[in-house]
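Notes for the one structure printed next.
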Amino acid sequence: MLTVLMVIDAIVSIALIAVVLGQEPKSGGLGGMDGSSDAVFSGKARGMDALLARITVVLAILFALITIVIARMTI
């Protein structure tokens, strides 16, 4: 059972990385911190960005829960 959870955890983590890398950048990085860029507060994400954001949240929660279960099983 532990091995199955570890494999699922690895698959979820790879999927999470892929989804995060697939998202569009929301700001200019550290260059946007001077206040000249208003991209961070420009509104809600639509279309594919909104879908990827939701998938990111779901995968992150799933990854955290599986990791906690694995940790509790190994104690």
Side-chain angles (χ1 to χ4, degrees):
M1 181 68 178
L2 185 62
T3 306
V4 172
L5 283 176
M6 289 176 137
V7 169
I8 293 171
D9 202 34
I11 292 170
V12 169
S13 67
I14 292 170
L16 182 61
I17 291 169
V19 170
V20 168
L21 289 176
Q23 293 179 4
E24 291 291 323
K26 303 290 189 269
S27 67
L30 290 176
M33 290 181 64
D34 62 353
S36 63
S37 175
D38 197 24
V40 176
F41 304 107
S42 63
K44 291 189 170 190
R46 294 199 174 117
M48 187 59 105
D49 284 335
L51 177 66
L52 289 176
R54 287 186 185 135
I55 292 172
T56 301
V57 171
V58 169
L59 287 175
I61 292 170
L62 188 62
F63 176 76
L65 290 176
I66 293 171
T67 304
I68 290 170
V69 169
I70 290 172
R72 297 296 288 171
M73 289 177 71
T74 57
I75 291 178

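What you are looking at is a predicted structure, and each value in this text was computed from that prediction instead of being measured.
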| Roughly how far, to the nearest 0.5 Å, is CG of D9 from CG of L2? | 10.5 Å

| request: Please report the shortest heavy-atom distance between I66 and L5, naming the atom on each side. | output: CG2-O, 3.7 Å

| Linking I/L/V/M/F/W/Y whenever any side-chain heavy atoms sit under 4.5 Å apart, do I61 and V12 land together? | no

| said: Measuring from atom CD1 of I11 to atom CG of L16, what distance do you get when rounded to the nearest 0.5 angstrom? | reply: 13.5 Å

| How about M48: does its CE atom have over 12 heavy atoms from other parts shown lying under 6.0 Å from it? | no

| task | State yes or no: do I14 and L62 share one hydrophobic cluster built from I, L, V, M, F, W and Y residues joined by side-chain heavy-atom distances below 4.5 Å, directly or via other members? | result | no

| message | Hydrophobic clusters here meaning ILVMFWY residues chained together by side-chain heavy-atom distances under 4.5 Å, can you tell me if V7 and L65 are in one? | response | no

| task | Using the rule that two of Ile, Leu, Val, Met, Phe, Trp, Tyr join whenever any of their side-chain heavy atoms come within less than 4.5 Å, decide whether M6 and M73 are in one cluster. | result | yes

| query | Under the 4.5 Å side-chain heavy-atom rule for ILVMFWY, direct or indirect, which residues accompany V58? | reply | none

| field | Given V20, L21, V19, V57, the one that forms side chain to side chain contact (heavy atoms under 4.5 Å, CB included) with L52 | value | V19

| task | Please round to the nearest 0.5 Å and tell me the distance separating atom OG1 of T56 and atom CZ of F63. | result | 13.5 Å

